[in-house]
Amino acid sequence: MGGLTSALCPVLERCDGVWVSWNPNALGSEDDDDHIREHQGDGIPFPVIQVGLRKAEVRGYYNGFCNRALWPLCHTVLRCVTPRLDYWQDFRTINDRFADVIASRSRSCDVIWIHDYHLMLVPAAMRRRLDPKHRIGYFHHVPFPNVRVLKAFPWHRQLLKGLLGADSIGFHTPDYASNFIECCNELLGCDTRSEPGTINHGKYRTVVRARPIGVDAKSFQALAEQRDVQNDAIEIRRKHRCERFVLSVDRLDYTKGILERIEAIRALFARIPQCRGIVTFMQVAVPTRTDVPEYQQYRAKVEAAVDALNAEFSHDDWKPMIYRNEPMDRRELVAHYIAADVTCVTPLADGMNLVASEYCASRSDGDGCLVLSSQAGAATTLGEHALSVDVRKQESIINGILQALTMSEAERAQRMAKLRSVVLNNTTDSWLAKCLGDIQQPQPAEPDELAALIKSGHARRGDGAERARPGASRERPATHSSRVPAKRAPAVNAPPPH
Ligand code: GDG
């Protein structure tokens with residue numbers, strides 16, 4: 001359960017695609033070679049080819065390199081980055097195994113879409129195996145770190161070269177795209193200046209675009225308009241004795257800022273006793289990556305913090321926070337979205353964050369209020385109309401929640417109308433169409449993303465551009481820097497890659 005499957009299942013259905021995935025339980029012993037399983041059914045509406053992994057490979061590749069090295073690296077949580085050589089070796093092996101399976105199953109007319117950081121080496125591995133007629137796209141589903149952060153990682157060159165096997169690369173925000181372009185220029189010496197949003201490397205060319213992901217807005221809206229879902233929402237508020245109900249839904253991940261939010265809530269109840277008995281918070285925290293030590297420790301800390309909060313402030317049959325670990329089905333989730341006066345989405349870093357969009361898509365009643373971290377990729381599309389908070393400052397979180405709880409009905413309606421207009425216009429379908437277009441027939445970059453792409457394409461070594469003044473910082477923040485200036489720039493025709 002998470003943003004990746006929420007986003008990709010509708011895509012696969014619409015494209016008549018085949019999902020090549022892993023099967024962590026396929027290979028028991030070290031010498032078991034039967035590593036491919038193909039099937040359709042089990043409630044999954046598209047064919048799946050599963051690449052088998054041995055248990056030890058799951059430990060090194062997935063729990064190790066993906067979750068203990070790349071994930072914290074991309075989110076710039078440097079204390080959690082564990083760059084072990086054995087993890088790296090497993091990562092290479094598994095990426096090669098994926099490339100072998102995909103290559104053996106592809107026809108030259110197939111579009112190959114490689115999705116997310118678990119497969120960063122696959123684009124180049126595919127390029128080595130296939131003829132140039134194959135179109136290869138890659139989408140990076142998480143933030144992309146800045147040069148300073150990536151440079152310190154031992155295998156940064158291999159990762160960048162791995163990605164450059166793709167014809168097109170999509171990121172959620174212009175700043176992540178721009179970080180990647182800068183890295184290719186500064187760390188690989190690629191020409192990134194000739195055409196904004198295009199990286200020239202050897203005889204190849206890769207188009208880079210910001211493609212913020214959307215949600216299947218209509219399906220959330222349709223559920224929210226069902227009478228029984230609305231009745232469930234009323235029942236949720238009644239059951240939890242909520243006069244005001246504030247919701248958060250996250251995977252139980254240290255990037256989601258759950259601890260920081262609970263600490264802010266504690267401070268809020270301590271400072272404003274009038275909120276006690278009136279405001280009820282609910283944290284849905286679905287466990288994830290449960291074999292990884294950092295996640296086990298984080299879960300223990302979160303649960304201790306919830307217990308302490310409830311022990312300190314509960315009275316009669318009211319408690320400040322309802323905490324839920326079990327996942328809900330979609331219907332129940334939407335009932336919670338429409339029950340919530342406020343939804344708090346306050347990650348410390350997040351590629352995009354779909355919960356923010358799902359909440360707005362579900363509010364066809366026009367009510368509700370979104371508190372949104374300026375560190376979430378979603379802030380580039382929704383930040384202007386949400387209540388934007390700086391999660392590094394507790395005061396900012398508290399003020400955001402209080403402002404949301406005290407906002408006039410008219411202002412709530414006005415903001416929600418604008419948020420919904422963004423969400424309904426940027427759906428999974430429109431995102432998919434743009435990404436597929438980038439892979440097959442790249443179009444010029446949009447004016448507002450050009451501003452960021454031009455900035456990153458210039459002022460780097462290897463292409464005769466200006467150099468930074470000595471002592472002046474050329475670093476860009478790892479996450480997006482508030483808004484990208486929407487300067488008009490001339491549209492540039494990106495020639496087809498290769
Ligand atoms: C990745 C990247 C990027 C959660 N609990 C339940 C439930 N969910 C669903 C939500 C939503 C998804 O999980 C969570 O999406 P997010 O975007 O918040 O988070 P990640 O899983 O971290 O997502 C991230 C994102 O993809 C989007 O591109 O922003 O950087 O890591 O769809 O609805 N769904 C149901 N019951 C639950 O209890 N049904």
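As the structure lists them, so they are numbered: ligands from 1, and atoms in each ligand from 1. FYI, the numbering just counts along the sequence from 1.
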Checklist outcome for this item: Counting from 1 in the order shown, the ligand 1 atoms closer than 4.0 Å to a non-hydrogen atom of Asn353 are 17 (O), 18 (O), 29 (O)
Checklist entry - Purely on distance, is any nitrogen or oxygen of His75 under 3.5 Å from one on ligand 1? => result no
Checklist entry - Are Tyr298 and Asp253 close enough that a side-chain donor and a side-chain acceptor fall under 3.5 Å? => result no
Item to check | Part of Arg251 with heavy atoms under 4.0 Å of ligand 1, whether side chain, backbone, both or neither | outcome: side chain
Checklist outcome for this item: Taking only non-hydrogen atoms of Val355 and a 4.0 Å limit, the atoms of ligand 1 in range are 18 (O)
Checklist entry - Do we see a donor-acceptor contact under 3.5 Å between the side chains of Tyr337 and Arg363? => result no
Checklist entry - Does the side chain of Arg241 pick up a donor-acceptor pair with the side chain of Thr280 at under 3.5 Å? => result no
Next on the checklist: Using the rule given for side-chain contact (heavy atoms from CB on, under 4.5 Å), can you reason through Leu419 versus Leu370, listing the C-alpha separation, both sets of side-chain angles and the distance that settles it, and then say yes or no?
Outcome noted: CA-CA 9 Å; Leu419 289 166; Leu370 176 66; 4.2 Å; yes
Item to check | Atoms of ligand 1, numbered as shown, that sit under 4.0 Å from any heavy atom of Trp71 | outcome: 31 (O)
Checklist entry - Is the shortest N/O to N/O distance between Val284 and ligand 1 below 3.5 Å? => result no
Next on the checklist: If the threshold is 4.0 Å, N to carboxylate O, is there a salt bridge linking Arg331 and Asp228?
Outcome noted: yes
Checklist entry - Should you measure from each heavy atom of Ile213, which atoms of ligand 1 turn up under 4.0 Å away? => result 28 (O)
Checklist entry - Looking at ligand 1, does any of its N/O atoms fall within less than 3.5 Å of an N/O of Met328? => result yes
Next on the checklist: With a heavy-atom distance limit of 4.0 Å, tell me whether Trp431 approaches ligand 1 through its side chain, its backbone, both, or neither.
Outcome noted: neither
Item to check | Asp341 vs Arg237, side-chain contact (heavy atoms from CB on, under 4.5 Å): CA-CA, chis, key distance, verdict | outcome: CA-CA 10 Å; Asp341 298 298; Arg237 293 180 68 105; 3.1 Å; yes
Item to check | Which of the ligand 1 atoms, numbered from 1, are nearer than 4.0 Å to a heavy atom of Arg330 | outcome: 39 (N)
Checklist outcome for this item: A student checking ligand 1 against His172 at a 4.0 Å heavy-atom cut-off should list atoms 28 (O)
Next on the checklist: Whether the Arg420 and Gln221 side chains hold a donor-acceptor pair (N or O, under 3.5 Å, no angle test) is what I'd like checked.
Outcome noted: yes
Item to check | Nearest candidate to atom 28 (O) of ligand 1, where distance is taken over non-hydrogen atoms, out of His140, His141, Arg331, Arg324 | outcome: His141
Item to check | Atoms of ligand 1, numbered as shown, that sit under 4.0 Å from any heavy atom of Pro327 | outcome: 38 (O)
Next on the checklist: Working note: Thr192 + Thr198, criterion side-chain contact (heavy atoms from CB on, under 4.5 Å); need CA distance, chi angles, decisive distance, verdict.
Outcome noted: CA-CA 6 Å; Thr192 54; Thr198 303; over 6 Å; no
Next on the checklist: Just to be sure I read this right, does ligand 1 sit under 4.0 Å from the backbone of Val249, its side chain, both, or neither, counting only heavy atoms?
Outcome noted: side chain
Item to check | Sequence-distant partners of Leu78, side-chain contact (heavy atoms from CB on, under 4.5 Å), two or more places apart | outcome: Thr76, Val81, Val149
Item to check | Derivation and outcome, side-chain contact (heavy atoms from CB on, under 4.5 Å), residues Ile262 and Met321 | outcome: CA-CA 9 Å; Ile262 295 170; Met321 179 165 280; 4.2 Å; yes
Checklist entry - Hey, does Lys256 sit under 4.0 Å from ligand 1 if you only count heavy atoms? => result yes
